[in-house]
Amino acid sequence: MACKRGALIVLEGVDKAGKTTQCKKLVQALQQCGRPAEMMRFPDRSTTIGQLISAYLEKKSELEDHTVHLLFSANRWEMVPSMKKKLEQGITLVVDRYAFSGAAFTSAKPGFCLDWCMKPDVGLPKPDLVMFLQLSPSEAALRGQFGEERYETSVFQRAVQQKFEQLMKDPSVNWQVIDASQNIEGVHNNIMDHSLNAINTAQNQLLGELWK
Ligand code: FDM
């Protein structure tokens, strides 16, 4: 490795937990302390596959459940070459949702098991750190109404939360649970501490393969 690699850092959590706000703050704070960092999000709605997913989420189109699951995974795989390149260049990637959302959301649908849902993402770049922003359904409700997109109902979000809890039992992934009920700065400080640790550790390690 010519230079020290960047870390792959993922934020997961149920709706209203503040993932996007925290991803943005983290990238800014890392850049301000001289650590190159960029934000990514999945689904990446800018690609051809991402546009199919976006239309589905906005309920403008219907897709069979297995099909859309595989499209979400393909949307991650299509970004792998550029992700690897950036990590090799020493850029830390802060990612808003990843394969864990993929497995949790589809397996919350009737007739899907977690194991099947994880399979298409086996071998993706393995995050050095996955932070789960924890927020109880009652606290989430205090943050306002759900939006209009598919999956944005409290019943479905509770099922998703249970699937995330199952995924978090996997010791091969560096999970950290963050209390998202604190104020924005409190959550940010917590996230920043974990991220700086992960960046320092990752620079001396090879990038792993997820769920392999
Ligand atoms: N989602 C997201 C999935 O169902 N599978 C996936 O692999 C990913 C990455 O898409 F409801 C769901 C989760 C959420 C929606 O919403 C994307 P945001 O607001 O763009 O994160």
Side-chain angles (χ1 to χ4, degrees), residues 9-28 38-76 78-79 93-112 114 117 120-121 127 130-168 175 177-188 190-191:
I9 296 175
V10 171
L11 268 77
E12 289 281 8
V14 290
D15 262 47
K16 310 262 178 229
K19 288 182 296 301
T20 306
T21 305
Q22 292 295 339
C23 281
K24 288 182 185 158
K25 277 185 82 71
L26 177 58
V27 169
Q28 253 179 13
E38 285 182 21
M39 181 172 164
M40 296 183 69
R41 67 179 310 146
F42 289 110
D44 179 332
R45 302 186 193 215
S46 70
T47 69
T48 305
I49 294 169
Q51 283 161 21
L52 290 173
I53 295 171
S54 187
Y56 170 82
L57 289 171
E58 292 170 13
K59 300 180 191 162
K60 290 181 179 155
S61 70
E62 291 300 320
L63 285 167
E64 193 275 331
D65 287 329
H66 299 79
T67 310
V68 74
H69 182 72
L70 296 172
L71 287 177
F72 273 112
S73 177
N75 184 235
R76 285 183 278 280
E78 67 178 332
M79 302 311 287
L93 297 177
V94 174
V95 187
D96 187 348
R97 298 191 190 277
Y98 198 51
F100 313 98
S101 276
F105 276 76
T106 304
S107 67
K109 295 180 177 180
F112 283 87
L114 196 56
C117 293
D121 288 311
V130 188
M131 288 175 280
F132 184 79
L133 271 57
Q134 182 85 269
L135 195 69
S136 70
S138 52
E139 279 165 320
L142 290 175
R143 295 188 179 183
Q145 300 285 305
F146 283 115
E148 294 290 304
E149 284 204 334
R150 212 178 279 267
Y151 306 145
E152 293 183 335
T153 68
S154 52
V155 172
F156 194 72
Q157 294 286 324
R158 265 197 295 276
V160 170
Q161 163 89 24
Q162 283 174 1
K163 298 297 176 180
F164 272 123
E165 278 163 18
Q166 266 174 273
L167 287 167
M168 282 191 268
W175 284 101
V177 178
I178 308 290
D179 175 7
S181 69
Q182 309 166 71
N183 62 33
I184 292 180
E185 287 306 318
V187 176
H188 168 69
N190 212 335
I191 286 177

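In what follows, residues are counted from 1 in the order of the sequence shown.
The pair Glu62-Arg150 counts as a salt bridge, with a side-chain nitrogen and a carboxylate oxygen less than 4.0 angstrom apart.
A donor-acceptor contact shorter than 3.5 Å links the side chain of Lys19 to the backbone of Val14.
When all heavy atoms are compared, the tightest approach of Leu133 to Gly18 is CD2-C, 3.9 Å. Taking all atoms of both residues into account, the shortest heavy-atom contact from Gln157 to Tyr151 is NE2-O, 3.0 Å. Contact record, Val68 with Tyr56: CG2-CD2, 3.6 Å, taken as the closest heavy-atom pair. The two residues Lys25 and His188 have their closest heavy-atom pair at O-CE1, 3.6 Å. When every heavy atom of Thr153 is checked against every heavy atom of Phe146, the shortest pair comes out as C-CE1, 3.8 Å. Closest approach of Leu135 to Ala140, counting heavy atoms only: CD2-CA, 3.7 Å.
Dense packing is recorded around CG of Leu114, with more than 12 heavy atoms of other residues, nucleotides or ligands lying under 6.0 Å away.
Within the structure, salt bridge (charged side-chain N to carboxylate O under 4.0 Å, His left out) pairs that include any residue of residues 132-149 comprise Arg45-Glu149 (at least two apart or interchain).
In this structure, Leu70 CG and Cys117 SG are separated by 9.5 Å, a value rounded to the nearest 0.5 Å. With values rounded to the nearest 0.5 angstrom, Lys16 atom NZ is found 11.5 Å from Leu142 atom CG. To the nearest 0.5 Å, the span separating OG on Ser101 from CG on Leu167 amounts to 9.5 Å. Note that CD1 of Ile178 is 11.0 Å distant from CZ of Phe132, once rounded to the nearest 0.5 Å. Between the CD atom of Glu78 and the OG atom of Ser73 there is a distance of 10.5 Å, given to the nearest 0.5 Å. Note that CD1 of Ile53 is 6.5 Å distant from OG1 of Thr47, once rounded to the nearest 0.5 Å.
Using a 4.5 Å cut-off on side-chain heavy atoms (C-beta onward), Phe100 and Lys163 make no contact. The closest side-chain heavy-atom distance from Asp179 to Gln134 is not below 4.5 Å. No side-chain heavy atom of Gln22 sits less than 4.5 Å from a side-chain heavy atom of Val94.
Between Phe105 and Phe164, the ring-plane angle classifies as perpendicular under the 30° and 60° cut-offs.
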Could you walk me through whether Ile191 and Leu11 satisfy the side chain to side chain contact (heavy atoms under 4.5 Å, CB included) test, starting with their C-alpha distance in whole Å, then the side-chain angles of each, then the deciding distance to 0.1 Å, before giving a yes or no? CA-CA 9 Å; Ile191 286 177; Leu11 268 77; 3.9 Å; yes

CA sep, side-chain torsions, deciding dist, call: Gln145, Glu152, side-chain hydrogen bond (donor to acceptor under 3.5 Å, both in side chains): CA-CA 9 Å; Gln145 300 285 305; Glu152 293 183 335; over 6 Å; no

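Using modelled atom types, one finds no donor on one side chain facing an acceptor on the other under 3.5 Å when comparing Gln166 with Gln162.
For Phe112, the ring pair (Phe, Tyr, Trp, His ring centres under 6.0 Å) criterion is met by His66, Trp116, not counting sequence neighbours.
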